[in-house]
Each structure stands twice: as C-alpha cells, then as structure tokens.
**Q** 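Please see the structure below; I have some questions.
For the single chain, residues carry numbers from 1 onward in sequence order. Counting convention: from 1, in listed order, for ligands and their atoms alike.
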Amino acid sequence: MTVRDAEASEIHQLAKIWFDGWRDAHARLLPEELAWLRTLESFAQRLMAALDRVRVAGPADAPIGFCLTKGSEVNQLYVCSQARGSGVAAALILDAERRLSAEGVPKAWLACAIGNERAARFYEKRGWIRTGTVIEQLEAGSGTFPLEVWRYEKPLR
Ligand SMILES: CC(C)(COP(=O)(O)OP(=O)(O)OC[C@H]1O[C@@H](n2cnc3c(N)ncnc32)[C@H](O)[C@@H]1OP(=O)(O)O)[C@@H](O)C(=O)NCCC(=O)NCCS
C-alpha cells in the first residue's frame, strides 16, 4: 500500500472520511458540544491548513484513509469504513512513524478517545504504549476544547 502526500483537490473526500470516521468512533463517547463543532466544513478547513503534513492512502482523487502529524504527535488517523481491517491504517501509521523518526523525533505520541477500543487495540498491536489519562486541549473552532483522553507513546529509535 503506497502512502503519498495529499493533494488540495482531495480535501473534500478526506474531510468526508474524517467526518464519517469521527461519528463512527467518537459520537457515542464524547460530549455533544464537541460533536456540534465537528462539522464537515471544520474538518475541510483543518485539512487545508495542515495540507503539507497530510499523508494519504488510495488512488489520486479517491483516497481511502489519511494520517496527519503535528510536531511529535500523530494527530489524526482515519480510514474509511470499507478499508478498515485491511492493513491501510498500518501502512499510514508506519509512514508517520518513519517520517517523524527521520525528522529526529525520539518518541511519538498520540491521543485516543477514552473508550475507542478499536483504535486502542490497533495502536497497541503496533507497539504503542498507553501511558495514562491526560487532559488534552483539542482544536475546536477558533479555540480549544478540553477533553480527557488516553495518551499513547512509542519510542522511534
Ligand atoms: C482506528 C483505525 C484507524 C484502525 O484501523 P483498522 O484498519 O480498523 O485497524 P485493524 O483492523 O488493523 O485493528 C483493529 C483491531 O481492533 C479489533 N477490534 C475491532 N473492534 C473492536 C472493539 N470494539 N474492541 C476491541 N477491539 C476491537 C480488531 O479485531 C483488530 O484487532 P485484531 O487485528 O487483533 O483482530 C480505524 O478503525 C478507523 O479509522 N477508525 C475510525 C477513526 C478512529 O477511531 N481513528 C482513531 C482516532 S484516535
């Protein structure tokens, strides 16, 4: 599975993957106020702002998943429902780990919604370690939204 840079022409499709995946994984777990802020448009704006850090899997103009890094963080990882369980997510996170390592990051981290058991299982089988529960200030609209999350870390070398 090839992982490549995202193109601006793919923003809408990527935002849809993020929007649908957010609802699948998070809507039942997270506060309703946060769900109101997680609109398709908000995801498109965040993807556009971070475009040079977005890596995708799938054919040109038909992406099936993406991963976004930010500093030493794997900030977002979403795969469309049809591609889950296929190894696409593994290819995306491996690419992110390699890129962070190449940038000199010794230890990567990520936040996972408490109770997102599928994601937790995925990270743990990829060697990520849950280090505890922390309050993260999530990007939300023009500000932030505090949320208690599971923190995962992985040494990269
Ligand atoms: C999280 C995500 C990227 C993982 O990719 P994936 O292709 O689904 O991952 P995999 O299928 O390789 O691994 C998931 C594992 O969880 C298991 N699993 C599935 N549902 C589960 C559940 N309810 N509880 C516990 N484990 C579960 C699967 O059986 C699999 O484990 P196995 O390989 O030992 O059988 C993908 O599911 C996704 O995009 N989800 C929606 C968005 C999301 O949650 N993103 C992460 C935000 S932190």
**Q** Can you find an N or O of Ala25 that's nearer than 3.5 Å to an N or O of ligand 1?
**A**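 No; every N/O pair is 3.5 Å or more apart.
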**Q** Would one find an N or O of Arg121, backbone or side chain, under 3.5 Å from an N or O of ligand 1?
**A**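 Between Arg121 and ligand 1 (N or O atoms, distance only) the closest approach is under 3.5 Å.
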**Q** Just jot down the ligand 1 atoms closer than 4.0 angstrom to any heavy atom of Tyr78, in number order.
**A** 39 (O), 42 (C)
**Q** Would one find an N or O of Gly21, backbone or side chain, under 3.5 Å from an N or O of ligand 1?
**A**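 Such a contact does not occur with ligand 1.
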**Q** Counting heavy atoms only, name the option from Gln76, Glu117, Glu124 that's nearest to atom 25 (C) of ligand 1.
**A**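 Nearest heavy atom to atom 25 (C) of ligand 1 lies in Glu117.
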**Q** Salt bridge or not for Glu139 and Lys70, using N-O below 4.0 Å?
**A** yes
**Q** If you count the atoms of ligand 1 from 1 in the order shown, which ones are under 4.0 Å from a heavy atom of Lys125?
**A**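 Within the 4.0 Å cut-off of Lys125, ligand 1 contributes 10 (P), 12 (O), 13 (O), 30 (C), 31 (O), 32 (P), 33 (O).
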**Q** Could you tell me which atoms of ligand 1, counted from 1 in the order shown, lie closer than 4.0 angstrom to a heavy atom of Gly85?
**A**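 That gives atoms 6 (P), 7 (O), 8 (O), 11 (O) of ligand 1.
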**Q** Would you call Tyr123 a ligand 1 contact, heavy-atom distance under 4.0 Å?
**A**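 Tyr123: in contact with ligand 1 (<4.0 Å).
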**Q** If the contact criterion is a heavy-atom separation under 4.0 Å, does Cys80 count as touching ligand 1?
**A** no
**Q** If we only consider heavy atoms of Asp24, is any one of them less than 4.0 Å away from an atom in ligand 1?
**A**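 Asp24 does not count as a contact of ligand 1 under the 4.0 Å cut-off.
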**Q** Could you walk me through whether Glu97 and Trp128 satisfy the side-chain hydrogen bond (donor to acceptor under 3.5 Å, both in side chains) test, starting with their C-alpha distance in whole Å, then the side-chain angles of each, then the deciding distance to 0.1 Å, before giving a yes or no?
**A** CA-CA 11 Å; Glu97 290 167 14; Trp128 288 74; 2.9 Å; yes
